[in-house]
There are 2 protein chains.
Amino acid sequence: MAIRKVVERQTGVALWRQIADRIRLAISNGDYDAAGMVPPETVLAGEFGVNRHTVRSALAALAEEGLVRAVQGRGTMIERKERVSYPISRRTRFSQGLGRQVKEIGTRLLGHAGISASGEIATSLGIAPGDPVIELRTVSSGDGRPLSVSSSYYPAARFPRMAEEFEQLHSVTKAFAAHGLDDYVRVSTEIVARHADGDELAKLKLSAGAIVLETHSINADLDGRPVEYSRSCFAADRMKLKIET
Amino acid sequence: MAIRKVVERQTGVALWRQIADRIRLAISNGDYDAAGMVPPETVLAGEFGVNRHTVRSALAALAEEGLVRAVQGRGTMIERKERVSYPISRRTRFSQGLGRQVKEIGTRLLGHAGISASGEIATSLGIAPGDPVIELRTVSSGDGRPLSVSSSYYPAARFPRMAEEFEQLHSVTKAFAAHGLDDYVRVSTEIVARHADGDELAKLKLSAGAIVLETHSINADLDGRPVEYSRSCFAADRMKLKIET
DNA sequence: TACACTTGTCTAGATCAATAGACATTTGAG
DNA sequence: CTCAAATGTCTATTGATCTAGACAAGTGTA
């Protein structure tokens with residue numbers, strides 16, 4: 001059959017990258033599960049209507065990501081296909097949600113700072129502009145692959161030891177508990193998608209041109225008072241967000 | 001000051017496109033609101049560390065999108081900056097949610113078909129593989145700009161006249177009501193981000209390399225029986241998703 | 001072993017992306 | 001009016017991307 005899959009020229013996105021993105025999507029959709037392999041280069045070249053060399057560039061990029069492995073004479077095998085599902089609900093907790101999908105979860109503290117709340121941070125936390133907040137910058141990984149980078153903000157008046165507690169306990173939930181807050185719920189989450197900037201590419205170990213899902217979320221205590229405002233960037237080709245309502 | 005904003009070379013994404021994406025983001029973040037204009041080409045070229053011609057290519061792409069307008073001698077003015085917020089909650093209804101953000105909302109039926117349920121459709125609707133479902137393909141616009149394309153699936157046994165009713169009433173909620181279903185709720189929504197394919201680029205009138213937010217959502221009646229499974233693609237640079245939990 | 005099929009490598013040429021510099025044209029302020 | 005500042009247009013050059021074709025080398029099957 002050889003359905004012609006459309007790629008566009010002169011758009012500022014190289015053909016090999018468009019094709020790499022399409023193949024990555026097909027792998028993660030399970031389109032090639034039957035064989036466990038990507039179709040031969042000549043077949044892909046035919047489907048996309050490009051030269052075989054262009055397909056090879058795309059496959060080389062995916063091999064660089066560790067997604068596929070080419071073996072001369074046999075073909076190109078799929079090494080990894082999963083896209084981790086991150087559940088968002090009233091009881092969103094980072095490590096719990098990923099649960100069985102990844103064996104080993106790590107959240108590393110990149111840095112922390114005491115700053116004064118500006119526009120969106122103050123609004124989201126329901127405090128006055130200029131009030132002190134504590135900022136935690138973290139990167140989270142699953143099985144060694146970075147999944148997200150976050151900046152989280154906490155009202156310093158209520159959670160003065162947030163940075164130190166988090167450093168010790170490696171958990172926001174436990175750091176809240178150390179301040180006497182036993183429970184909290186997700187109030188709202190905003191989601192946008194965009195291209196990753198240079199800093200995110202480095203921290204998430206992405207190849208440039210990659211997409212991130214950026215979320216702005218607010219957690220509140222059971223009385224509805226905001227306790228955390230958080231901006232996270234998820235590597236879009238490794239994650240999906242699952243909203244439970 | 002002239003902070004060096006990072007763009008990466010040899011990544012398969014042209015510099016002018018990376019820069020266009022960054023400027024679009026800055027506009028939508030309101031970074032240039034004070035002046036109502038984009039900084040001069042020479043300044044942008046300095047910030048990004050590229051030639052002025054490269055910046056001009058980026059601005060030309062944004063002008064093509066209708067986001068900015070350049071005037072010789074004056075500068076490049078911002079024409080449009082909003083990103084429509086689409087709320088997702090238990091009571092998600094397309095047109096209600098957009099409400100005051102856009103004046104005029106339209107959902108156009110691209111086509112419909114009677115098909116038999118395959119894997120994900122059957123699973124999501126809780127019916128047997130091979131059972132008949134009705135597929136509606138639609139494109140939704142706000143103030144003339146296309147915002148999303150969707151394929152929605154309904155169990156034909158329960159909603160046999162879905163296509164005809166929708167065609168008449170231009171509303172899923174009303175078409176459900178015509179079948180005797182007065183209320184339904186959003187059960188789950190999965191969100192991934194990826195590059196748009198050729199078909200989506202055309203239907204959403206995007207410039208290639210653009211990003212879409214793809215959602216897979218399930219709506220159910222008040223007894224928890226699924227009534228709709230829907231796959232939607234939102235133009236990521238025009239929309240954000242707001243989750244209320 | 002012989003063969004079909006696959007990936008790996010090389011060369012050469014065409015087109016696109018980016019840089020560099022020069023100069024024209026328009027606008028708004030003094 | 002005069003001038004500075006901004007966008008518009010042109011030429012030339014370099015490097016990246018894509019195409020085209022040929023052949024080498026590894027794999028699995030008959």
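Naming convention: chains lettered A, B, ... in sequence-line order (proteins, then strands); numbering from 1 in each chain.
The separation between A/N51 atom CG and C/dC10 atom P is 17 Å, rounded to whole Å. Between the CD atom of A/Q18 and the P atom of D/dT17 there is a distance of 13 Å, rounded to whole Å. Atom-to-atom, CZ of B/R52 to P of D/dT11 comes out at 16 Å; the value is rounded to the nearest Å. In this structure, A/R69 places its CZ atom 11 Å from P of C/dG8, rounding to the nearest Å. As rounded to whole Å, 10 Å separates atom C1' of D/dT7 from atom CE of B/M37.
When distances are taken from the side chain of A/P40 to each of C/dT6, C/dT27, D/dT19, the shortest belongs to C/dT6. In this structure, the nucleotide among D/dT17, D/dG8, C/dA18 sitting nearest to the side chain of B/A14 is C/dA18. Among the nucleotides D/dT7, D/dT19, C/dT7, the one closest to any side-chain atom of A/H53 is D/dT19. Considering only the side chain of B/R74, C/dG28 comes nearest among C/dG8, C/dA22, C/dG28. Candidate nucleotides D/dT27, D/dA25, D/dG8 were compared by shortest atom distance to the side chain of A/Q72, and D/dA25 ranks first. Closest to the B/L15 side chain, of the nucleotides D/dT19, C/dA18, C/dT27, is C/dA18.
With salt bridges taken as basic N to acidic carboxylate O contacts below 4.0 Å, none links B/R22 and B/E47. Taking 4.0 Å as the cut-off between side-chain N and carboxylate O, A/E228 and A/R186 do not count as a salt-bridged pair. A salt bridge does not link B/K242 with B/E244: none of the charged nitrogens is closer than 4.0 Å to a carboxylate oxygen. B/E120 and B/R231 are joined by a salt bridge, as a carboxylate oxygen and a charged side-chain nitrogen come within less than 4.0 angstrom of each other.
Taking only side-chain nitrogens and oxygens, B/R56 never comes nearer than 4.0 Å to OP1 or OP2 of D/dT7. The side chain of A/T42 contributes no N or O atom lying less than 4.0 Å from OP1 or OP2 of C/dC5.
Along DNA chain C, the nucleotide closest to B/S57 and the one closest to A/E41 are compared, and the more 5′ of them pairs with A/E41.
Within the nucleic acid shown, A/T76 comes within 4.0 Å of sugar-phosphate atoms alone, with no base atom in reach, counting heavy atoms only.
Ring planes of B/Y229 and B/H216: perpendicular class, angle over 60° (limits at 30 and 60°).
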